[in-house]
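Sequence lines set the chain letters: A, B, ... in the order given, protein chains first and strands last, and positions in each chain run from 1. Here the structure is a predicted model, which means the values were calculated and not measured.
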Protein chains: 2
Amino acid sequence: MTVRFASLDSLLDPGSVAVIGASADPTRIGGRPIHYMLSQGFRGEILPVNPNRAEVQGVRAYRSIAELPRVPDAAVIAVPTALAIEAVGQLSALGTKAAIVFTAGFAEVGGDGDGFQAALLAASHGGGGGMRMLGPNCLGLFNARSGFYPIFSSSLESGWPRPGRIGIASQSGAYGTHVFAVARNRGLGTPICVTTGNEADVTIGDVIGWLAEDEQTDVIVAYSEGIREPESFLAALAAARRVRKPVIMMKVGTSSIGRDAARSHTASIAGDDRVTDAVMAEFGVIRARTTEEALDIAQAATKRVYPAGNTLGVITISGGAGVLISDAAEAVGLPLPAMPEATQARLKAMLPFAAPRNPVDCTAQAFNDITLIGRFADAMVEEGGYRSILAFFTQVGGSATIAPRLREQLNATKAKFPDRLYALSVVARPEQVAEYEADGFVVFEDPTRAVVALHAMGRLGDAFAQAPDPAAEPMTPVALPDASPSEAEAKRLLGLAGVASAPEQACGDAEMAVAAAARFGFPVVMKILSPDIVHKSEIGGVLLGVADAAQVRDGFRTLMARAKATAPLARIEGALVAKQLVGGVECIMGIQRDPVFGPVALVGLGGIFVEIIQDVALRRCPFGPDVAERMIRSLKAAPILLGARGRPVADIAALAEMLSRLSRWAVAAGPRLQSVDLNPVLALPEGAYALDAVIEVAGIEVAG
Amino acid sequence: MTVRFASLDSLLDPGSVAVIGASADPTRIGGRPIHYMLSQGFRGEILPVNPNRAEVQGVRAYRSIAELPRVPDAAVIAVPTALAIEAVGQLSALGTKAAIVFTAGFAEVGGDGDGFQAALLAASHGGGGGMRMLGPNCLGLFNARSGFYPIFSSSLESGWPRPGRIGIASQSGAYGTHVFAVARNRGLGTPICVTTGNEADVTIGDVIGWLAEDEQTDVIVAYSEGIREPESFLAALAAARRVRKPVIMMKVGTSSIGRDAARSHTASIAGDDRVTDAVMAEFGVIRARTTEEALDIAQAATKRVYPAGNTLGVITISGGAGVLISDAAEAVGLPLPAMPEATQARLKAMLPFAAPRNPVDCTAQAFNDITLIGRFADAMVEEGGYRSILAFFTQVGGSATIAPRLREQLNATKAKFPDRLYALSVVARPEQVAEYEADGFVVFEDPTRAVVALHAMGRLGDAFAQAPDPAAEPMTPVALPDASPSEAEAKRLLGLAGVASAPEQACGDAEMAVAAAARFGFPVVMKILSPDIVHKSEIGGVLLGVADAAQVRDGFRTLMARAKATAPLARIEGALVAKQLVGGVECIMGIQRDPVFGPVALVGLGGIFVEIIQDVALRRCPFGPDVAERMIRSLKAAPILLGARGRPVADIAALAEMLSRLSRWAVAAGPRLQSVDLNPVLALPEGAYALDAVIEVAGIEVAG
């Protein structure tokens, strides 16, 4: 295993920590960390720094960093801006490996704050010793395993973290500790919680990566408002997937108001949420919509059973619950196959009132002979073959008389088939729930929440089982023109990369156009040819169904006149004549440069599907045709390409090949490429052709 | 107020109850009701009936119904099938007003069970005294207000219902009592819970109606697998809306597996879930996706503040939570308008670190002077004008030192502006939560759940504020033909009702067709005219773009030949010639007869929108053009009709008028009308025309 994230070791588990701005008041920002570490028995040394005190909260204090008896591994910075920069510089020079900067007033306030943050970062690098810095403007972190609490959150006043194997990484301090507090109150163990604040140095990607490599962490819960740098984030997700560790992520800022709020909150360049979403999907990250869902999934994940090819068997004592669970399973896409006919017959013989299909309703009658529950459960696992079992027993699961015998039955099944995932929907007291959980059952009162969590376990299993997508073959670097090219030039450039267009020719005069049209065969399409006119159809610059030589001549005249009238300053090179392809399905393909993740490819069906329903698939470039085909097949409108209602089946392979080539070309074109827009791309029963192409490139900067 | 549902009074609140099949064992089906009523002090008289005992659980018992000292108001039936039918008949004859039949083995098992159920129902009617019967195959009901517990659920072993004003109506016994148990454990008061089982007589509609008229109930939570009869259901929803009482409904069976499970579970003819959904929407019923959501919304509803034109103001101490809440609000469609600029400036001056736009992030700094919270909250209500306020204070809301002062501030704002809805997202102990709830705050730990519940309150407010849709003007009864008519006849019939088609003529020979085409103007459309061929396009029976007289003659020949070749036995009447309309947007309209709710109208955009995305709106017939227009505007694809991306705007009024007329025609056509399919309907900038019409009618039954 690579140890890329080991540079955070001193941040999370130092042997000694200085507290710059140490306070004797345990409720103040410089006092809380010391108070917490003292009460939880930090196993390292605490070195308070305070110019006015020889002792802080009973610990020997020092007047300045210079007076410290030794170089601390880590330091908490709880002093105003200017002093914080100075302290970080001093500590870095000494060789301190980690700083946790609580101080606010940096990039999050804008203005001078940006400069202060740059100075702070420079100071942290000053010593050359590889200091890693958390914050500024962060709430801190805790590592309950070593009693390390460099954090000023009041959430610890209401209780300490429980032991466990879930780690929390959050950009927001208040929300990260909210997640911790909710988890703790639910009985979930989150011994590590890191909040990254402004992320001048350490980012959420670094923290996820460290947790991925940490052998005492099994599950990672993350909260993000926007990814600031891609390298560590991508490496972290790859590392987590490699070791089969779930990353469950709340990525907020999907809405326009949310994005505005995120910007004003942390000054983060949030990037495009859909791009981050595509990156998460690429690595099998589970995106949770709510805090509760994130913790539900984390709770299920602590069992470490991730069933690839998941199927759900439901055993219930309420037919109604069976229906509700079936609906929930279909809504998330978790299959609920029927039991084998022979098994159904056998179960029905055992218990005539049972509905043995799946959901298997064994009715309250089963409690007359509790071993029926065990026999039914065995049959479901062994003969039904379900990867996940959800048992709905409502308050019976919490009944004093029946629950112990029920537990015995279920545990017997579980012991026989330990590779399956077992969940219970019961209404029971917290102590009873804790017992079931200790047995290895995932327990949810609400059956719908159980279904969502079980489905997530299957998605994780699929992601872990799938080999990472092979690296796409690189293309030779592309020489982009100095400015955005004309349509014809754009098609020529893409044509070199194997992105096919309809046969076409740039024609400088009407007779050339007639000759070209005759060669292609009528009808043809004619378009204004100009590097300065991008949206041709809006000025009447596209003529369809041009049917003979006379119409070509007329058309040429018309186009030139329209160009002159609407864009008198544009350079007009003539007309583009192309064979008019008929039939097929109109798609769109494109490239957009994301500020964080670079070129991102997009594919969708044309027209209303993109306009009205925003039915598109996105992916970071480059990628191979297999990935491209998965993207195309993931579209809601994919059935239209696949022959729905007697339509001809489009050439998906050609479409996928084109998309893959476009993605590789975008990388080869380098950072000056701003966007590519192929709209429409016509997917025919054989072949796929771009009917229009717009490439935007950034101008070349000329040294002044 | 009408008292339509008063016939259930004896079922829910009798002065005396006989228990037929009374058991001395308090855990048996005939023993539990007596045990529960004794422990909860039923305020009426208990009359156990048991052929072998003079006393049951300390209560004087009787050997038979005949020996009862007086006529019981109500009776619990806990004896096998044949005896149950007999007992119900005897009691009905005596004049008992209500029976609660636990006994299973009726319609839910099929076969003989159907006959037994018919006999049971007949027996209940036998006395002519208006007995109402719950079940059979039901778990029973409870009314904690009078200690009436004719129920054999074990859910009461773990605790009694709390006092409160939420009523539960459930078709499923096990699930209904699960909802009760979860509600109780959450601290919600549900003194009434009725489970309807097979619904031979009393349906969920009756129960909802009784709760709507019950002055001690404010909120109704319902669970249904399928509505069996429309009258009481529709009357109940209308009654609830009239008195501004929310109905929160879990309607399961949305999925195909769920529907199968529901069928096997209760033998209910579930009808089309989409139709039930449309009916619920019509009456402002809130459809909850999960039990948890249903109870969240019920919890919020107990505050009885239903803000029409809802807007959300968010006050938070975590910018991250603000972003997450913004996302959640946008996802459900709850507006989050910005605070007025002047107020923002004033708040920023008060607290420089605040983000005062909305979400209003007053940061943890606000706790340095707790009155800031009050001043911010006042400003949000008074100047921001929000109808709902959500305050995110996470664990601070549960802190021993800050929470009391926080509560004081919030209560002061609430007292000044009591017409608003206030919710808190806090991590606090149950006792603290109970205090906040008693103050009138809706408290949710999870902010997303709070947003969903607040949004539902606004939807209820809108539904209550809106006048019921005026009754659509009836049409004169339609004389349907004996069998399904030809396209031309279908169009003629609908034309009489004002549903316009393109100008067209039925032509018996080619020369008639040429004359008709010349009159309409070319191009025209030609179609095979036959009452026996429904899907004309599939056999090449539709010719588009017929451009001149010669093509009309050719076309006529072609159509006749194709008809002969593919349907040699069909009656061929000639060809239908119609003007070919161009441009516009293709829509579909139709009528389907729902087994429960009768004719239901459907509208959508044509082609892929219906096929792939199932983007349609449904509504019970009949309805006026206002309702029709709302349906059309509710389509996801509505922007295409409304001029998206420079398209011409379609004539929505004409489309709505057509849809309303179709709905009224469907009612006037009576129950023999099976379906109408207008596909496509062309919506032009002026006018809307059905280009095809298929009417299916049931044959007339001939007396044998």
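Between the OG1 atom of B:T316 and the OH atom of A:Y175 there is a distance of 9.5 Å, given to the nearest 0.5 Å. For the atom pair CG (B:L324) and OG1 (A:T290), the distance works out to 8.0 Å, reported to the nearest 0.5 Å. In this structure, A:H178 NE2 and B:S425 OG are separated by 5.0 Å, a value rounded to the nearest 0.5 Å. Here OG of B:S255 is found 8.0 Å from CG of A:L336. Values are rounded to the nearest 0.5 Å.
The environment of CZ in A:R357 is sparse: at most 12 heavy-atom neighbours from other residues, nucleotides or ligands sit within 6.0 Å. Taking a 6.0 Å sphere around CZ of A:R28, one finds it holds 12 or fewer heavy atoms contributed by other residues, nucleotides or ligands. With a 6.0 Å radius and a threshold of 12 heavy atoms from other residues, nucleotides or ligands, B:R186 has its CZ atom above the threshold.
Interface remark: B:P352 contributes no atoms to any contact with chain A (heavy atom separation under 4.5 Å). The contact between B:R449 and chain A is made entirely by side chain atoms (from C-beta outward), counting heavy-atom distances below 4.5 Å.
The side chain to side chain contact (heavy atoms under 4.5 Å, CB included) test with A:Q395 singles out one residue from B:N185, B:T177, B:V182, and that residue is B:T177.
Taking the ring-ring contact (aromatic ring centres under 6.0 Å, His included) definition, one finds that A:F106 meets it with nothing, sequence neighbours left out.
Per-residue counts of heavy-atom pairs under 4.5 Å with chain A were compared for B:R289, B:E445, B:E293, B:E157; the largest is that of B:E445.
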Please step through side chain to side chain contact (heavy atoms under 4.5 Å, CB included) for the pair A:E292 and B:E292, ending with a clear verdict. CA-CA 12 Å; A:E292 192 162 79; B:E292 191 163 80; 3.0 Å; yes
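Chain B is approached within less than 4.5 Å, heavy atom to heavy atom, by A:S326, A:D327, A:E330 from residues 325-334 of chain A, ordered by number.
You'll find the side chain of A:V427 stays beyond 4.5 Å of the side chain of B:S158, heavy atoms only. Contact check for B:S154 versus A:S399: no side-chain heavy atoms found under the 4.5 Å cut-off.
Although no hydrogens or angles enter the test, the distance criterion places a donor-acceptor pair under 3.5 Å between the side chain of B:Y223 and the main chain of A:G320.
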